[in-house]
J.: 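Have a look at this one.
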Amino acid sequence: MSGLRDKSVGIFCCLVLLVVSFTSLYLRYVVSLVPADSLLVASEVTSEENLSINLDDTLNFRARQEVETRTSWQAPIIWEGMFDPKLYDQKHIQKKSSVALTVFAVGRYLDAYLKTFLTSAEQYFMLGLQVTYYVFTDQPDKVPHLDLGPQRSLKVIQVEKHSRWQDISMMRMKTISDTIESEIRHRCNYVFCLDVDQEFKGRFGSEALGDSVAQLHAWYYKAQKQSFTYDRNPKSKAFMESGDYYYHAALFGGLCEHVKNLADHCFLGIMEDKLNDVEALWHDESHLNKYFWLHKPTRLLSPEYCWDQVISDNRDINVTRLIWAPKHYDTLRTK
């Protein structure tokens, strides 16, 4: 009797093994019919899901109750505490975001500021991303040599030194536009244009990237609108009666096409003013404010991203990311 039971158990086990083997072979056959590129491993699924995230949906607009964190047209104003830096960096690294940083170091400004600007940028600007520095100068041989980090490069472009500092400031818009068209757009997604007389002091990362990026002026971000120093001359193309904010021309950026549009608008306005023997109150900054009034920026950077330490009321500034260097206009500027 026990022998019959053992035989039955043996037959049952054989049947189970046969079913398992047949199922395994069948599944292998089915998988072989599926194209290999349609099979995703778990890590790839996670990566794809991360790429599909709209990072601005993760912003915590209530994190900074004491300051304005969103414009009337729903553009974010980026402050410390609103964003997850690791999340932003991870996504932009996966997207292979690349950034051009343009800076003009003409005349005495090169000796006074350029090395500090570049050295500090290497410590804090868009770490983890591909960055190309574009240094525009009238003295290419005096640009300091730096040991750049991985994915970082520097290109020096010679420009003319104008006799007046105002013209140097205004003519940079044409140079930026031309360089975006000829070079930058072929190798970078984003462009940031900064003044050289500044120093990075803290993280200036991928949370600052956007389609069209404007910088709130540190001296005016809490001021009444009637005190904004827009150009009030109706003869100038920069003329404004009112506006939303006062933006600082020491820092602006965005996607290549948007920055080129801004630079072209400012340059054309400047040239038309010259034909009419007019000069805007704050030169290219006046024209930049007019542009952002007509074409709203999609991202605003808080004064943390460009702060003047002379300002005594710094209660809103949790992190200084970029600071104004001491100004020595009496010795640096030509008349």
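Computed from a predicted model, the values in this text were never measured in an experiment. Atom set for the values below is all heavy atoms of this structure, side chains included, hydrogens, waters and symmetry mates excluded.
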J.: How about Y220 and Y246: are their ring centroids closer than 6.0 Å?
T.: yes
J.: Within the distance-only criterion (no hydrogens, no angle test), does the side chain of R64 pair as donor or acceptor with the backbone N or O of E80 below 3.5 angstrom?
T.: yes
J.: Below 4.0 angstrom, N of the basic side chain to O of the carboxylate: do D56 and R70 qualify?
T.: no
J.: Under the 3.5 angstrom rule, does the side chain of T116 hit a backbone N or O of Y113 as a donor-acceptor pair?
T.: no
J.: Look only at the side chain of R152 and the backbone of Y133, and say whether a donor-acceptor pair between them is shorter than 3.5 Å.
T.: no
J.: Are there over 12 heavy-atom neighbours, none belonging to K290, within less than 6.0 Å of that residue's NZ?
T.: yes
J.: Just by distance, no angles: are the side chains of N189 and S97 close enough, under 3.5 Å, to form a donor-acceptor pair?
T.: no
J.: For R62, does its backbone N or O pair with a side-chain atom of Q65 as donor and acceptor, under 3.5 Å?
T.: yes
J.: Without hydrogens or angle criteria, can the side chains of Q215 and Y221 be said to hold a donor-acceptor pair below 3.5 Å?
T.: no
J.: Is the side chain of S286 donor-acceptor paired with the backbone N or O of W282 at a distance under 3.5 Å, no angle test?
T.: yes
J.: If only atom types and distance count, is the side chain of K296 paired as donor or acceptor with the main-chain N or O of W293 below 3.5 Å?
T.: yes
J.: Are E66 and R315 close enough for a salt bridge, meaning some N to O gap below 4.0 Å?
T.: no
J.: For the pair D89 and R203, evaluate side-chain contact (heavy atoms from CB on, under 4.5 Å) and give the outcome as yes or no after the intermediate values.
T.: CA-CA 12 Å; D89 288 349; R203 171 192 167 90; 2.9 Å; yes
J.: Determine whether the aromatic ring centres of F125 and F204 lie less than 6.0 Å apart.
T.: yes
J.: Is D273 reaching over with its side chain to a backbone N or O of E279, donor-acceptor style, under 3.5 angstrom?
T.: no
J.: Is the Lys NZ or Arg CZ of R321 less than 6.0 Å from the centre of Y305's six-membered ring, within 45° of the axis?
T.: yes
J.: Go through F252 and F192 one step at a time and tell me if the side-chain contact (heavy atoms from CB on, under 4.5 Å) criterion holds.
T.: CA-CA 6 Å; F252 58 93; F192 268 83; over 6 Å; no
